[in-house]
Amino acid sequence: MAVVFALFLSLLCFFQLAIRTHAAALTTAIGANERVCFFADADKEGEKVGFYFAVQSGGSFDIDFEVKDPNEKLLLDGKRERQGDFVFTANTVGEYSFCFENDMSTLTEKLIDFDIMVESEPRREPPAKPGQIADQTSALEESIFRLNGMLINIKRTQKYFHTRENRGFDTVKGTRNQMFWYTVFESLAVIGMAVLQVYILQTFFTKTGRRYKV
């Protein structure tokens, strides 16, 4: 019975942690000379805000970004960054803005994956009864927090390999297009050279001089 009660308390703690965390994983395309902003609300002071992004395709895989608090104070910014992973504390209640700007490109569109996560610090509540139940609950809570950390690390690793895969695919696609147009140009050059040679040979063996009858 004690073990069941401890397990129930741990699961309750886990669900509370899950409820306190809300995130948005999105993919967006940003055109040339375009600025796009996204927003997330912090309901109270002291909440942790996580911000991750990675440029999946387009140009040199770089983008400008900035993060501002509800008072328009600049918290984070970067120029020509390929990816970033940041965590900061929301000291002001309100709406935080996360903006991307593709002003370094005149023609190229950028595809970006990003996450915006807002979570409050989990606080442990004292057990209802001291003793063995508290010890078992504490051990289960530690296991849950360790599993949560491991899952976050796995998620970040998946994002990293997903980004590398997309960038590799984009590079291969660009190389394939370059090879295609190079082949087309080379074929046109060979055809043009052949036509030019035929014309030159024809002019050599064609009599163009005037004939006079005596």
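We use all heavy atoms of the structure for the numbers below, so side chains are in, but hydrogens, waters and symmetry mates are not.
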Can you check whether [Y]'s main-chain N or O pairs, donor with acceptor, with [X]'s side chain at less than 3.5 Å?
X	Y	answer
K110	D62	yes
N102	G31	yes
E186	T183	no
N71	K73	no
D64	R80	yes

Just how far is it from atom [atom1] of [X] to atom [atom2] of [Y], taken to the nearest 0.5 Å?
X	Y	atom1	atom2	result
S187	Y182	OG	OH	10.0 Å
S97	L74	OG	CG	9.0 Å
I63	Q83	CD1	CD	13.5 Å

Handout entry: Check against side-chain hydrogen bond (donor to acceptor under 3.5 Å, both in side chains), Q56 and D113
Key = CA-CA 7 Å; Q56 303 295 330; D113 284 350; 3.3 Å; yes
Practice task
Compute the ring centroids of F114 and F98, then answer whether they are less than 6.0 Å apart.
Solution key: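 Centroid separation for F114 and F98: 6.0 Å or greater.
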Handout entry: Residue pair F86, V67: steps toward the side-chain contact (heavy atoms from CB on, under 4.5 Å) verdict
Key = CA-CA 10 Å; F86 309 96; V67 180; over 6 Å; no
Problem - Qualifying residue for ring-ring contact (aromatic ring centres under 6.0 Å, His included) with F65, from F38, F100, F53 - result: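 Running ring-ring contact (aromatic ring centres under 6.0 Å, His included) over F38, F100, F53 with F65 returns exactly one hit, F53.
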With clusters defined by side-chain heavy atoms of hydrophobic residues (ILVMFWY) lying less than 4.5 Å apart, directly or transitively, does [Y] cluster with [X]?
X	Y	value
F61	L111	no
V87	M117	no
L75	Y52	no
L76	I30	yes

Problem - Residue pair F88 / Y96, side-chain heavy-atom distance below 4.5 Å - result: yes
Handout entry: Any side-chain heavy-atom pair of N177 and M179 under 4.5 Å
Key = no
Tell me the closest heavy-atom pair linking [X] and [Y], and the distance in Å.
X	Y	value
A90	A42	CB-CB, 3.8 Å
A40	V118	CB-CG2, 4.2 Å
L107	A32	N-CB, 3.7 Å

Practice task
Report the residues that fulfil salt bridge (Lys or Arg N to Asp or Glu O under 4.0 Å) with E72, sequence neighbours left out, ordered by chain and then residue number.
Solution key: K68
Problem - Residues E45, T92; criterion side-chain contact (heavy atoms from CB on, under 4.5 Å); working and verdict - result: CA-CA 6 Å; E45 296 182 2; T92 305; over 6 Å; no
Problem - Candidate list K79, E101, R35, test side chain to side chain contact (heavy atoms under 4.5 Å, CB included), partner E66, passing option - result: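 Only one of K79, E101, R35 forms a side chain to side chain contact (heavy atoms under 4.5 Å, CB included) with E66, namely R35.
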